[in-house]
Amino acid sequence: MTFPKIIDVRAYVLRGGGADYHDQSSGHWIDDNIATPMSKYPNYRESRRSFGINALGTLVVEVEAANGTIGFAVTTGGEPAAYIVEKHLSRFIKGQNPADIEIMWDQMYFASQYYGRKGLVINAISGVDLALWDLLGRLRQEPVHAMIGGAVRDELSFYATGSRPDLAKEMGFIGGKMPLRYAPIEGNAGMQKAVDDIGEMRSRVGDDFWLMLDCWMALDLDYATRLAIAAHEHKLKWIEEALSPDDYWGYQALKKAVPSGMLVTTGEHEATRWGFRMLLEMECCDIIQPDVGWCGGLTELLKISSLADAHGKLVIPHGSSVYSYHFVATRHNSPFAEFLMMAPNSDKVVPMFSPQLIGEPVPKNGRLSISELDKPGFGVELDRTLNLHRPYKD
Ligand SMILES: C[C@H](O)[C@H](O)CC(=O)C(=O)O
Ligand SMILES: [Mg+2]
């Protein structure tokens with residue numbers, strides 16, 4: 001089936017939260033005293049913004065078809081990603097039939113492979129890919145979930161990531177994931193405080209609520225193993241992204257070393273089918289967590305997900321808002337989803353990519369009905385009253 005050809009590709013940058021959800025003001029829980037690989041440097045210990053976690057900002061990609069229909073997507077990447085989209089990737093998109101997403105992805109990936117493969121370049125490709133799916137859905141007047149196989153469930157269930165799993169429980173979420181606040185540089189005393197924090201939260205949420213710990217790449221194998229063993233007494237459900245994403249061997253060892261019943265999860269900073277193949281074949285984890293805007297987009301995620309399914313693993317995307325919701329709706333091996341609490345004190349539900357999207361659905365009582373996703377494309381609009389900046393024009 002052919003559709004009006006794509007006539008333009010535009011890349012914009014936006015600041016202040018949204019897809020670059022770390023780009024928040026000071027005092028926000030997501031910035032405050034969280035363990036990171038930079039924690040060993042005193043100047044960069046307290047605030048993640050101090051080392052530039054929000055250096056990039058949001059990338060907005062728009063693709064326009066000849067009949068004036070516009071698809072768009074947001075991800076992290078800012079100006080450098082906007083350059084890659086406008087100066088390099090756009091040549092593979094302009095003039096194409098919007099339905100030919102597979103060949104456009106292949107050309108974007110292999111044309112940039114000599115400087116790409118992971119990170120920023122794949123964020124840029126993901127942004128274009130998601131904008132193409134949005135465009136195709138608008139042209140077909142179909143939600144994305146219907147174009148990738150259809151929903152396998154009536155509603156999505158969410159766990160919440162934030163500083164207050166106890167409040168997440170009151171809000172109806174199925175679990176709560178907290179950030180690790182103490183890094184190896186703080187020694188055994190820091191580890192004890194981290195374990196005490198988990199214990200304190202366990203006493204607030206009771207025995208049956210899922211409690212998870214996000215370590216944001218801050219640990220080494222020895223520390224992560226000791227932390228997992230110590231946290232087991234508080235029924236920690238999973239230990240997330242404990243090690244560097246490049247340390248596949250460390251994850252393989254960690255998975256063997258954690259107490260029976262505790263899950264090892266990772267993958268939010270992994271990309272493409274080839275990166276996830278390493279995690280899966282080396283048996284590095286129990287759950288993979290690709291970010292839809294960072295792993296290669298929906299086209300690549302479908303491949304990653306099939307690979308995970310064949311290995312008997314769950315795919316629970318990192319964040320990703322509507323891009324995750326449409327995907328999770330359609331996959332048997334994605335039985336629940338993540339919701340990132342973007343309220344500064346994790347005390348209320350606000351849209352994950354606030355303030356950039358209009359109509360971004362949010363869970364109510366920890367659930368989201370699939371019927372809320374039944375709109376063309378990803379079902380959201382870009383808030384054009386925000387300060388959209390187009391730094392490069394092809
Ligand atoms: C809380 C984590 O440090 C990070 O900001 C978000 C994340 O890794 C996740 O949601 O997972
Ligand atoms: Mg994480």
Side-chain angles (χ1 to χ4, degrees), residues 17-39 44-56 58 75-76 123 158-165 168 173-183 194 197-198 201 210-219 224 227 236-245 251 254 263-271 279 284-295 314-321 323-325 328 334 336-346 349-353 363:
D20 189 354
Y21 61 91
H22 287 123
D23 193 20
Q24 305 290 342
S25 314
S26 54
H28 197 290
W29 74 265
I30 209 154
D31 188 47
D32 186 27
N33 272 296
I34 291 179
T36 78
M38 294 293 284
S39 295
Y44 302 119
R45 174 66 187 95
E46 280 177 25
S47 149
R48 295 201 282 187
R49 287 180 311 149
S50 68
F51 69 75
I53 197 170
N54 62 339
L56 294 174
T58 292
T75 182
T76 318
N123 290 16
F158 291 87
Y159 77 87
T161 296
S163 52
R164 297 294 301 271
F173 288 94
I174 58 174
K177 188 173 81 189
M178 330 189 260
L180 175 66
R181 297 209 169 275
Y182 301 93
D197 281 357
I198 300 166
M201 199 48 79
W210 296 356
L211 260 189
M212 295 80 97
L213 187 68
D214 192 318
C215 306
W216 211 73
M217 308 168 276
L219 311 181
L227 177 61
L236 188 71
K237 184 174 174 68
W238 76 56
I239 181 163
E240 174 168 325
E241 220 189 9
L243 311 174
S244 159
Y251 277 109
L254 181 64
L263 306 177
V264 174
T265 72
T266 192
E268 73 183 66
H269 296 101
E270 189 53 84
L279 289 177
C284 292
C285 57
D286 299 285
I287 297 178
I288 59 166
Q289 301 168 302
D291 185 294
V292 193
W294 305 343
C295 73
L314 301 185
V315 180
I316 308 298
H318 168 252
S320 309
S321 180
Y323 308 117
S324 164
Y325 309 158
V328 169
S334 300
F336 57 93
E338 175 180 19
F339 188 77
L340 258 159
M341 300 296 280
M342 293 320 302
N345 298 313
S346 311
V349 168
V350 295
M352 206 189 292
F353 284 176

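Order of appearance sets the numbers: ligands from 1, and atoms from 1 within every ligand.
- Within the listing of ligand 1, atoms 10 (O) sit less than 4.0 angstrom from a heavy atom of Leu340.
- At least one side-chain heavy atom of Leu227 sits less than 4.5 Å from a side-chain heavy atom of Leu213.
- Within ligand 1, counting atoms from 1 as listed, the ones closer than 4.0 Å to a heavy atom of Glu338 are 9 (C), 10 (O), 11 (O).
- The shortest N/O to N/O separation between Glu240 and ligand 1 falls below 3.5 Å.
- Between the CE atom of Met342 and the NE2 atom of His22 there is a distance of 7.5 Å, given to the nearest 0.5 Å.
- As for Asp214, its N/O/S atom nearest the Mg ion (ligand 2) is the one called OD2.
- Only the side chain of Arg48 comes within 4.0 Å of ligand 1, judged by heavy-atom distances.
- Glu268 has its closest N, O or S atom to the Mg ion (ligand 2) at the position named OE1.
- Per-residue contacts place His22 under 4.0 angstrom from the following atoms of ligand 1 (heavy atoms of the residue considered): 4 (C), 5 (O).
- For the pair Lys237/Tyr159, no side-chain contact is recorded, criterion being any heavy-atom separation below 4.5 Å from C-beta on.
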*What's the verdict on side chain to side chain contact (heavy atoms under 4.5 Å, CB included) for Val264 and Ile239, showing C-alpha distance, side-chain angles and the deciding distance?*
CA-CA 5 Å; Val264 174; Ile239 181 163; 4.3 Å; yes
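- The Mg ion (ligand 2) sits nearest to atom OE2 when only the N, O or S atoms of Glu240 are considered.
- Using a 4.5 Å heavy-atom threshold, the side chains of Glu241 and Tyr251 count as touching.
- In the vicinity of His318, heavy-atom distances shorter than 4.0 Å reach the ligand 1 atoms 6 (C), 7 (C), 8 (O), 9 (C), 10 (O), 11 (O).
- Here is the list of ligand 1 atoms found below 4.0 Å of a heavy atom in Tyr21: 5 (O), 6 (C).
- Shown in contact with Ile30 at under 4.0 Å from a heavy atom are these atoms of ligand 1, numbered in order with element: 5 (O).
- Counting heavy atoms from C-beta on, the side chains of Pro179 and Trp216 never come closer than 4.5 Å.
- Compare Leu180, Thr36, Asp214 by their heavy atoms: the one nearest to atom 9 (C) of ligand 1 is in Asp214.
- The aromatic rings of His318 and Tyr21 are tilted relative to each other, their planes meeting at an angle between 30° and 60°.
- Aromatic ring pairs are classed by plane angle as parallel below 30°, tilted from 30° to 60° and perpendicular above 60°; the pair Tyr44 and Phe51 is perpendicular.
- Taking a 4.0 Å cut-off on heavy atoms, Glu241 fails to register as neighbouring ligand 1.
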*Please step through ring-ring contact (aromatic ring centres under 6.0 Å, His included) for the pair Phe339 and Tyr325, ending with a clear verdict.*
CA-CA 10 Å; Phe339 188 77; Tyr325 309 158; 7.2 Å; no
